[in-house]
Structures are given as structure tokens and as C-alpha cells.
Amino acid sequence: MNKKQWALVGLIHIFALGMLAGCGKSAASADAKDGQSVDKLTIVQIQDETNPDSGQKNEQFRSDMSEALGIEVEELEGADYSVGIEALKAGKLDVLLVSPMSYYQAKKIAGAEPLVTTTSMGQEEYKTLFVVGKDDTTTQSLADLKGKSFAFVDPASSSGYMYPKAKLVKELSLDPNQLENPGYFFDTVAYSGKHDSSLMGVAKGDYDAAAVAGQVITSLVDAGMIQEDDIRVIGETETIPNALFVVRSDLPAETKAALKDFYLTYENEEYFETFYGSKEVRFTEAKDEDYEVVQEMVEILNLEEE
């Protein structure tokens with residue numbers, strides 16, 4: 001992805017904003033500019049990379065929030081970070097779940113503020129793992145991936161694209177603008193769309209190698225979709241900050257404070273077990289400094305606009 005492509009990340013699929021606009025301009029955006037209290041919040045959950053079902057079966061959480069805040073809460077499920085960010089900027093929604101890289105975009109494009117993130121799921125750190133198939137006995141390092149067919153997840157994905165690409169570029173001194181070009185380093189590069197698709201693709205031999213979130217491997221093994229020895233790990237990225245909820249900066253301060261307090265004091269164990277895989281997970285305050293690593297990645301990948 002070159003500089004101009006980066007500039008377009010926040011604009012692709014912009015036509016889809018009509019779907020959000022159809023829900024009506026959020027009441028929050030109408031009142032916030034005048035500093036008044038709001039009577040409705042619109043929240044969009046983009047599929048969490050480590051928990052693709054996070055936007056579903058969420059009625060109890062929405063109801064609990066609405067009761068605690070004393071206002072109507074509308075929760076929608078999205079499928080594209082860039083669409084959500086543009087909707088946030090346009091005042092079509094108030095709270096958005098984003099990946100670390102998409103937080104950088106949301107902050108830059110829409111002036112979003114960090115709200116809350118989650119504690120880790122279990123003891124496993126959130127990292128991207130580079131995997132090859134079980135029959136590949138020769139690939140032992142990232143350098144050995146040269147000439148292989150490789151799968152990223154999606155250019156907007158932190159763990160499925162940005163982090164692994166930065167790792168490859170930095171460790172192997174590769175040109176970020178050419179990495180995806182056939183024959184430059186990899187034989188071919190594909191975008192599978194989902195972490196499990198990349199993983200299953202390697203297990204079945206559709207791709208020689210892929211970069212996937214480590215927690216997805218655990219999930220698919222636990223679900224019996226792959227065997228633990230179907231793939232082999234040859235490298236990993238640094239720890240990735242968890243996805244976070246961001247909020248529009250022009251919401252009234254009292255609304256933002258009440259919203260944060262709800263998240264931080266939410267104790268429904270069934271909810272956390274359903275959506276985050278553990279009763280022990282809780283929301284915790286998201287701080288801007290925890291995501292400063294994204295700026296370094298932007299520089300490594302040469303993504304800043306001209």
C-alpha cells in the first residue's frame with residue numbers, strides 16, 4: 001500500500017455510509033454541539049479480529065447500557081473500519097469499536113478519543129503469528145518465506161496486515177511499497193478476508209504461508225476445525241494492543257464520563273465469557289499512549305500522506 005492508497009483507506013466503500021445514514025443522524029450529534037444532554041447513542045461494533053462474533057447476541061449489554069445511562073442506545077454491526085470512521089466523522093454514530101491501526105485513522109480523520117479497551121483474554125498475548133503448513137519442513141524463518149505464496153487478511157487489519165507487514169519490512173529490510181508485488185519477495189500475495197480463512201488456507205495448502213492472530217489458532221483448534229499440527233509457527237510480531245472503543249470528541253463531557261463509567265463497572269460475567277472467551281475479562285480505560293506504537297508502524301510502512 002503506497003501513500004496515495006493510504007489516503008484512500010478512509011474513503012473506500014463510502015457509499016455504504018448510506019446504510020448508516022438510513023438509521024438517522026444520531027441524537028447525540030444534534031445536541032452535543034450545543035453542550036446539551038443527549039437522549040440517544042449510536043454504537044457500531046466492527047467485527048473484533050480475535051472474536052468475529054462480538055457484534056452479535058448483544059441485546060442484554062445494550063439494554064443494560066440504556067438503563068444505566070437513562071437514554072436510548074442503538075447498536076449496529078459493521079463490517080468495515082473505514083466506513084465506521086467516516087460515519088463517526090459525519091456524526092452518524094457516537095461510539096465505534098476499532099483495531100489499533102484503525103484507531104490511528106479514527107483519531108486523524110474523525111478526531112476520535114479513546115474510551116475503553118479490554119483486559120487480555122486468558123494468558124495468551126495478542127500477537128500475529130507467521131505460519132506454514134505441516135508438510136513444509138524447510139521454512140524456518142521469515143527470510144525463508146521468499147518465493148512463497150502468502151496470505152494477509154485485509155489491508156485495514158492490524159494483526160492480519162499492518163503488524164506482520166511492518167515486521168517483514170523492518171526485519172528483512174524490504175520495500176513496503178513493493179512487498180505485495182508478485183515476485184518482489186513473495187511469489188504471490190492474497191488477502192483472505194478473515195483470519196480463519198488464512199489459517200484454513202495454509203492448512204489445506206491453498207497458501208504456503210500466512211500471518212494470523214495467534215488467538216485465532218487456539219480458537220480453531222479448540223473448535224476442532226484444524227489440528228494443532230496442521231500448521232507450524234515460524235515467527236511472531238510484538239504484542240499488539242487490544243481493540244478499543246472510541247468516542248466522538250464533541251459529545252458532552254458528562255455523557256462521555258457516564259459512558260466510560262458504565263463500561264468500567266460492567267460486571268456481567270456471561271457477557272464477557274460469550275464475547276471475550278473468559279469470565280475474567282473486563283473493560284479497562286484506553287489511553288492514547290498505549291497506541292503510540294502505531295505511529296512507528298506508520299513510519300516503517302511509509303504510510304503518511306504526502
Side-chain angles (χ1 to χ4, degrees), residues 16-32 36-99 102-103 106 110 112-121 242-286:
L17 277 173
M19 297 177 63
L20 291 174
C23 300
K25 191 175 182 67
S26 73
S29 64
D31 295 336
Q36 301 173 7
S37 61
V38 302
D39 55 17
K40 179 181 178 181
L41 285 174
T42 300
I43 299 173
V44 170
Q45 294 231 42
I46 304 298
Q47 291 184 348
D48 187 337
E49 295 181 68
T50 62
N51 184 4
D53 294 326
S54 62
Q56 302 172 2
K57 306 175 185 176
N58 210 25
E59 175 59 26
Q60 185 62 53
F61 180 80
R62 186 204 63 75
S63 177
D64 290 342
M65 178 183 288
S66 180
E67 182 178 353
L69 300 183
I71 59 177
E72 180 184 353
V73 175
E74 178 182 40
E75 188 169 43
L76 308 172
E77 183 174 0
D80 191 298
Y81 289 122
S82 59
V83 172
I85 291 168
E86 289 295 337
L88 195 73
K89 178 181 179 181
K92 303 298 183 184
L93 62 93
D94 306 299
V95 179
L96 177 66
L97 177 65
V98 294
S99 69
S102 292
Y103 166 58
E113 297 176 359
L115 187 63
V116 295
T117 182
T118 57
T119 55
S120 295
M121 293 183 280
N242 288 335
L244 70 155
F245 285 93
V246 297
V247 62
R248 289 195 302 108
S249 61
D250 59 349
L251 281 178
E254 62 269 24
T255 301
K256 288 188 283 189
L259 187 59
K260 179 180 288 188
D261 182 67
F262 170 78
Y263 276 106
L264 296 181
T265 58
Y266 197 62
E267 293 288 339
N268 187 328
E269 292 185 349
E270 183 179 356
Y271 167 83
F272 290 107
E273 184 173 29
T274 299
F275 299 113
Y276 297 100
S278 171
K279 293 181 179 180
E280 306 304 317
V281 171
R282 290 294 184 274
F283 291 112
T284 185
E285 185 176 6

Does E113 have any side chain to side chain donor-acceptor pair (under 3.5 Å) partners at least two apart in sequence or in another chain, and if so, which? K256
Would you please name every residue forming a side chain to side chain donor-acceptor pair (under 3.5 Å) with E267, sequence neighbours left out? R282
From [X] [atom1] over to [Y] [atom2], what is the distance, rounded to the nearest 0.5 angstrom?
X    : Y    : atom1 : atom2 : answer
L244 : T284 : CG    : OG1   : 11.5 Å
K92  : E86  : NZ    : CD    : 12.5 Å
D261 : E254 : CG    : CD    : 14.0 Å
L76  : T42  : CG    : OG1   : 6.5 Å

Under a 3.5 Å distance rule, please check whether N242 uses its side chain to pair with a backbone N or O of T118 as donor and acceptor. yes
Results of side chain to side chain contact (heavy atoms under 4.5 Å, CB included) for K260 - residues two or more places apart only: L115, V116, L264, E285
Please name all residues satisfying side chain to side chain contact (heavy atoms under 4.5 Å, CB included) with S66, sequence neighbours left out, ordered by chain then number. R62, V73
Restricting to non-hydrogen atoms, name the atom on [X] and the atom on [Y] that form the minimum distance, rounded to 0.1 Å.
X    : Y    : answer
L93  : L96  : CD1-CB, 3.9 Å
A258 : L69  : O-CD2, 3.5 Å
I43  : M65  : CD1-SD, 3.4 Å
I85  : S102 : CD1-O, 3.5 Å
P114 : Y103 : CD-OH, 3.4 Å

Salt bridge (charged side-chain N to carboxylate O under 4.0 Å, His left out) partners of residues 63-72, not counting sequence neighbours, each pair once: none
Applying side chain to side chain contact (heavy atoms under 4.5 Å, CB included), run through T274 and E270 and close with a yes or a no. CA-CA 6 Å; T274 299; E270 183 179 356; 4.2 Å; yes
Determine whether V83 and V44 make a side-chain contact, defined as any pair of heavy atoms from C-beta on separated by less than 4.5 Å. no
V247 and D94: CA distance, side-chain angles, deciding distance, side chain to side chain contact (heavy atoms under 4.5 Å, CB included) verdict: CA-CA 6 Å; V247 62; D94 306 299; 5.5 Å; no
Output all residues satisfying ring-ring contact (aromatic ring centres under 6.0 Å, His included) with Y263, sequence neighbours left out; order by chain, then residue number. F61, F245, F283
